[in-house]
**Student:** 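Can you keep this structure in mind? I'll have questions shortly.
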Protein chains: 2
Amino acid sequence: MAAREAQARQETGRKRADARRNEQTLLDAAAAVFVESGVDAPVRDIAARAGVGMGTIYRHFPTRADLVVAVYRHQVEACAEAGPVLLANSESPYAALGQWVDLFVDFLVTKHGLAAAMQSDGDGFDTLHAYFLDRLVPVCALLLDAATEAGEISIDLPAAVLMRGIGNLCIGGDRDPRYDARQLVGLLLAGLRRTRSL
Amino acid sequence: MAAREAQARQETGRKRADARRNEQTLLDAAAAVFVESGVDAPVRDIAARAGVGMGTIYRHFPTRADLVVAVYRHQVEACAEAGPVLLANSESPYAALGQWVDLFVDFLVTKHGLAAAMQSDGDGFDTLHAYFLDRLVPVCALLLDAATEAGEISIDLPAAVLMRGIGNLCIGGDRDPRYDARQLVGLLLAGLRRTRSL
DNA sequence: CTATTATGCGGAGCGTTGTTCCGTTTGTCA
DNA sequence: TGACAAACGGAACAACGCTCCGCATAATAG
């Protein structure tokens, strides 16, 4: 009996029942508010939406970055796992890189303000930065290296730098409807490609 | 006599002497604070540095964008004027475009936070946005069109979109020393270039 | 079922920043 | 010099991030 309870605790996180409930409520509320007002939405709004106090939100998610990471963890994970699959199924590493980058760009542009938050210095966004890059840069490096070895890419660019560049290109195209992050990122990748003959 | 005074007023802006003095003081203080703390520095800091009250700064520069524009107007102007000159002196329009873009990138990356401010939505940054783009987009378009007509560029990209993309790439490379905005912008331009043969 | 404990909760409150507003000062001109 | 408009200074308000502590309540033992 004691053993079963202990196991149940481990599975759910070893926290009090109301704490677990609130954590989930907060995640749902945050996801909803992020869609409505972007990831920069006031913390108070999220707390209000979830029907909890300020203290609660900060106890569960010490920084806003922790909350953002928790909300989007699934999608980031999916994106990371898609990398090797694309590499295996595409006709060339460069094509796989292009498809994977499209996935990443689609993810970023559909999350209002996320791209901007990912680049912002200082504050408490270090966590977000760390998680996103730790998870995705190796995948990007895998594809990049494969393309380089296949002779499709001539320039030696660190994957982290490429990721940051892509992230930057995904910032704020709300003003000009002609701004298409996908297109510009495509151009960036095209520039990376080995120049054939002359 | 009356005529001469009227002319003097027109030249200097038709304002009271202390107002003119304060405007200059504010510009100097802002320039100093911008290099120290970036263009996002608190308005209070600038006021304090200039030794004036909050009211004064807001009367002269209703929004932060007005102040930023005033501080960097000279450099933006110089950049704009360099466009046609480069076009005339370079061996090819595409080369001129590359050199001009380098000028613009150098300007942006040396102004801490300016690139980020230029893209930020809402707030009172509309002025900044308007001025920078109104002044520089036509120049960029001139070079872009010339390169297109020369057959050096195959993709049809609005100059405003290219400018925004370049601006985005200039954001925050402070974290990773390997991040080089110039290099990435170079890749973007390379991607724009017509692919020779195959 | 009740008592005890410690875990979690709520929201008032502080610090920072942007922005406004108005009583006071000061340049200007007759 | 005196009167008036122009300009000034900074208190004050609003929005936000974040902390802190008294209170509620789930978990546990008897």
Side-chain angles (χ1 to χ4, degrees), chain A residues 1-6 8-10 12-26 29-30 33 37-68 113 117 120-128, chain B residues 1-6 8-10 12-26 29-30 33 37-68 113 117 120-128:
Chain A
M1 193 60 171
R4 186 188 294 178
E5 277 177 9
R9 276 189 188 168
Q10 270 197 348
T12 51
R14 191 176 289 177
K15 290 187 290 194
R16 241 169 67 171
D18 53 349
R20 255 179 291 131
R21 233 180 307 124
N22 274 329
E23 182 164 340
Q24 189 55 50
T25 305
L26 274 171
V33 172
S37 321
V39 297
D40 296 322
V43 183
R44 280 174 173 80
D45 289 0
I46 301 171
R49 175 74 156 247
V52 305
M54 300 290 304
T56 303
I57 203 170
Y58 276 101
R59 194 167 324 99
H60 285 288
F61 306 100
T63 78
R64 183 208 299 286
D66 292 311
L67 187 52
V68 174
S120 92
D121 287 343
D123 296 340
F125 283 86
D126 298 331
T127 308
L128 190 152
Chain B
M1 190 64 168
R4 186 187 294 177
E5 278 178 7
R9 276 190 188 168
Q10 271 196 348
T12 52
R14 191 177 287 179
K15 288 188 292 192
R16 241 169 65 172
D18 54 349
R20 256 180 290 130
R21 232 180 308 122
N22 273 328
E23 183 164 339
Q24 190 54 51
T25 306
L26 274 171
V33 173
S37 320
V39 296
D40 296 323
V43 184
R44 277 173 175 78
D45 289 1
I46 301 171
R49 175 76 154 244
V52 305
M54 301 291 304
T56 302
I57 201 170
Y58 275 101
R59 193 166 324 98
H60 286 288
F61 307 99
T63 76
R64 184 207 298 285
D66 292 309
L67 187 52
V68 174
S120 93
D121 288 342
D123 296 339
F125 282 86
D126 298 331
T127 307
L128 190 152

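The figures here come from the full heavy-atom set of this structure, side chains too, leaving out hydrogens, waters and symmetry mates. Keep in mind that this is a model prediction, so the values were computed, not measured. Residue numbers start from 1 in every chain, and the chains themselves are labelled A, B, ... in the order their sequence lines are given, proteins ahead of strands.
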**Student:** Tell me every residue that passes salt bridge (charged side-chain N to carboxylate O under 4.0 Å, His left out) with A:Asp66, counting only those two or more places apart in sequence or in another chain.
**Tutor:** none
**Student:** If the test is side-chain hydrogen bond (donor to acceptor under 3.5 Å, both in side chains), which one of B:Arg20, B:Arg21, B:Arg16 qualifies with B:Asp18?
**Tutor:** B:Arg16
**Student:** Out of D:dC18, D:dC8, C:dT28, which has the shortest distance to the side chain of B:Thr56?
**Tutor:** D:dC8
**Student:** State, to 0.1 Å, how close A:Ala65 and A:Phe125 come at their nearest heavy-atom pair, and which atoms those are.
**Tutor:**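 In this case the closest contact between A:Ala65 and A:Phe125 is CB-CA, 3.9 Å.
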**Student:** Can you measure B:Tyr58 atom OH to D:dA12 atom P for me and round it to whole angstrom units?
**Tutor:** 18 Å
**Student:** Kindly say if B:Asn22 contacts the phosphate of D:dC8, meaning a side-chain N or O under 4.0 Å from OP1 or OP2.
**Tutor:** yes
**Student:** State the CD1-CZ distance between B:Ile46 and B:Arg64, to the nearest 0.5 angstrom.
**Tutor:**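 Interatomic distance, B:Ile46 CD1 to B:Arg64 CZ, rounded to 0.5 Å: 6.0 Å.
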**Student:** Would you indicate which nucleotide in C:dT28, D:dC8, C:dA12 comes nearest to any side-chain atom of B:Asp18?
**Tutor:** D:dC8
**Student:** What N/O pairs connect the protein and nucleotides 1-6 of chain D at under 3.5 Å? Give each pair on its own line.
**Tutor:**
from, atom 1, to, atom 2, distance (Å)
D:dA6, N3, B:Arg16, NH1, 2.5

**Student:** Kindly write out the residues that satisfy side-chain hydrogen bond (donor to acceptor under 3.5 Å, both in side chains) with B:Asp45, not counting sequence neighbours, or none if the list is empty.
**Tutor:**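 B:Asp45 satisfies side-chain hydrogen bond (donor to acceptor under 3.5 Å, both in side chains) with no residue once adjacent residues are dropped.
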**Student:** Within this structure, what is the CZ-to-C1' distance between A:Arg21 and D:dA27, rounded to whole angstrom?
**Tutor:**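 In whole Å, D:dA27 C1' lies 13 Å from A:Arg21 CZ.
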**Student:** Extract all donor-acceptor atom pairs below 3.5 Å that involve side chains of residues 48-58 of chain B and protein atoms in other chains or at least two apart in sequence.
**Tutor:**
from, atom 1, to, atom 2, distance (Å)
B:Arg49, NH1, B:Glu36, OE2, 3.4
B:Arg49, NH2, B:Glu36, OE2, 3.4

**Student:** To the nearest Å, how far apart are B:Gln24 CD and D:dA7 P?
**Tutor:** 16 Å
**Student:** Measure across A:Pro62 and A:His60 and return the closest heavy-atom pair with its distance rounded to 0.1 Å.
**Tutor:** CD-O, 3.7 Å
**Student:** Mind listing the residues from residues 59-68 of chain B sitting with a heavy atom below 4.0 Å of DNA chain D? Number order is fine.
**Tutor:**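 Here the set is B:Arg59, B:His60.
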**Student:** Using heavy atoms and a sub-4.0 Å distance, could you list which residues of residues 41-53 of chain A are near DNA chain C? By number, please.
**Tutor:** A:Arg44, A:Gly51, A:Val52, A:Gly53
**Student:** Taking CD1 from B:Ile57 and P from C:dG18, how many angstroms apart are they, rounded to a whole number?
**Tutor:**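 That distance rounds to 10 Å.
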**Student:** Mind calculating the distance between CZ (A:Arg20) and P (C:dC9) to the nearest angstrom?
**Tutor:** 12 Å
